[in-house]
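Have a look at the structure below before the remarks.
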Amino acid sequence: EKGNHRHFMVKEIYEQPDACQHTLTAYVDPVTGHVSAPGGFDFASVTRLQIIACGTAFYAGLIARYLFERLAGLPCDVEIASEFRYREPAVTPGTLAIAVSQSGETADTLAALRWCQAKGLKTAAIVNAHESTMAREAGMLWPTHAGPEIGVASTKAFTSQVTALTALAVAAAAQRGRIDAEEEKRLVRVLLEAPRLVGESLGVEEMVQALSLEISKARDVLYLGRGAMSALAYEGALKLKEISYIHAEGYAAGELKHGPIALVDEATPIIVIAPTDELFEKTVSNMSEVLARGGRVILITDEAGAAHAPAGVSVIIAPTCDPLIAPLVFAAPIQLLAYHVAVQKGADVDQPRNLAKSVTVE
Ligand code: F6R
């Protein structure tokens, strides 16, 4: 079943262009070029979004917040389900609660979804397992089409969640009158390019593999990013610790000087995820701060970013893309990095210790 691949995880990393493509077909009409929620939903009818999820799905939600707020002007909160369900959150009428879950069975996410329904909120579930409890119980089912995910560390389910959420944010922007028909068309074109660019991003594998031996020797690794890339920094750190058992932390790059910079030394690789955007120069300053303290920096960026990388930085070059889909295009490099480091360490990549694919206990 693994085909030519050594592990399900890497097979699933390589299935991402297809997973992204299949998921898009549920959200984008290829003929009209119109993007909408499956089954139809008008984002102009809500005043706020509350995304609830755990683990990797939570990070997909964090990425979505940048898109819903920036593109659609729609206030969006994102919270870990286990916190949300117990803290007695204040309910704003007009809120749409969106549960995000690969399995559709995660106990805390399901409980949070039920809590929202009991409070009378509209609910939707972005799930990959279409026969799951969340798929059945949510007011609306917004599917991802990643296909079955076997590897315990989520990869294609994550990028499928980001795909669905990105499409929904474009739909929300159009429905709320924040973008005109022309801009909607342009963004849909960008969305439809995502599967190809995600495929191209797999081309970093050799560069990543070449760095994996060095990283496999580290005790700690830091991941940094700004904007939506901060969520990818958290996800990169989660992936690495799950399968390689190396301690890793993701930080919003601007937080570096507020504490984590104390950890910088030559033995702690700092992985910076930074496509060229309006914040790139700020991230260059962060890298310079790290280098000045003898730190080791690995930069995942695009062609233009590579040209501006400070001397002494190792660069992994991902495809150049529109910022809308950068979280999708930059996901594979961090997944492949975690994968190759784990393989270097001889870890059981598909069955990491202490972890279960679906967390149905609270
Ligand atoms: C990480 C991972 C977990 C899940 C989390 C939520 O690689 O797989 O963090 O993302 O347990 O699971 P679902 O999406 O099934 O609710």
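Order of appearance sets the numbers: ligands from 1, and atoms from 1 within every ligand.
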Distance to 0.1 Å, residue and atom name: give those for the protein heavy atom nearest to [atom].
atom: atom 14 (O) of ligand 1; value: Gln102 N, 2.6 Å
atom: atom 8 (O) of ligand 1; value: Val152 O, 3.3 Å
atom: atom 6 (C) of ligand 1; value: Cys54 O, 3.4 Å
atom: atom 3 (C) of ligand 1; value: Thr56 N, 4.1 Å
atom: atom 15 (O) of ligand 1; value: Ser103 OG, 2.7 Å
atom: atom 11 (O) of ligand 1; value: Val359 CG2, 4.1 Å

Under 4.0 Å to a heavy atom of [X] - the qualifying atoms of ligand 1, by number:
X: Ala153; result: 7 (O)
X: Ala57; result: 10 (O), 14 (O)
X: Gly55; result: 9 (O)
X: Lys239; result: 1 (C), 7 (O)

>> Regarding atom 1 (C) of ligand 1: of the candidates Glu235, Glu242, Met134, Glu149, which has the closest heavy atom?
In response: Glu242
> To which of Ile126, Thr106, Leu355 does the heavy atom nearest atom 12 (O) of ligand 1 belong?
Replying inline: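 Looking at heavy atoms only, the winner is Thr106.
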>> To the nearest 0.5 Å, what is the distance between OG on Ser285 and CG on Leu279?
In response: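 Reported value, rounded in 0.5 Å steps: 11.0 Å.
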> Taking the non-hydrogen atoms of Glu105, is any one of them nearer than 4.0 angstrom to ligand 1?
Replying inline: no
> Taking the six-membered ring for Trp, is the centroid-to-centroid distance between Tyr27 and Trp142 below 6.0 Å?
Replying inline: no
Assess, by modelled atom type and distance only, whether the side chains of [X] and [Y] contain a donor and an acceptor separated by less than 3.5 Å.
X: His7; Y: Tyr339; result: yes
X: Ser314; Y: Arg296; result: yes
X: Thr144; Y: Asn128; result: yes
X: Thr56; Y: Lys239; result: yes
X: Glu12; Y: His5; result: no

> Linking Ile, Leu, Val, Met, Phe, Trp and Tyr through side-chain heavy atoms less than 4.5 Å apart, which residues share a cluster with Phe8?
Replying inline: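 Besides Phe8, the cluster holds Ile150.
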> Does Asp77 reach the main-chain N or O of Gln50 with its side chain, forming a donor-acceptor pair under 3.5 Å?
Replying inline: no
> Just by modelled atom types, is the Arg85 backbone N or O under 3.5 Å from a matching donor or acceptor in the Asp108 side chain?
Replying inline: no
> Between Ser154 and ligand 1, is there a nitrogen or oxygen pair with a distance under 3.5 Å?
Replying inline: yes
> Taking heavy atoms and a distance under 4.0 Å, where does Thr109 meet ligand 1: side chain, backbone, both or neither?
Replying inline: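 No part of Thr109 comes within reach of ligand 1.
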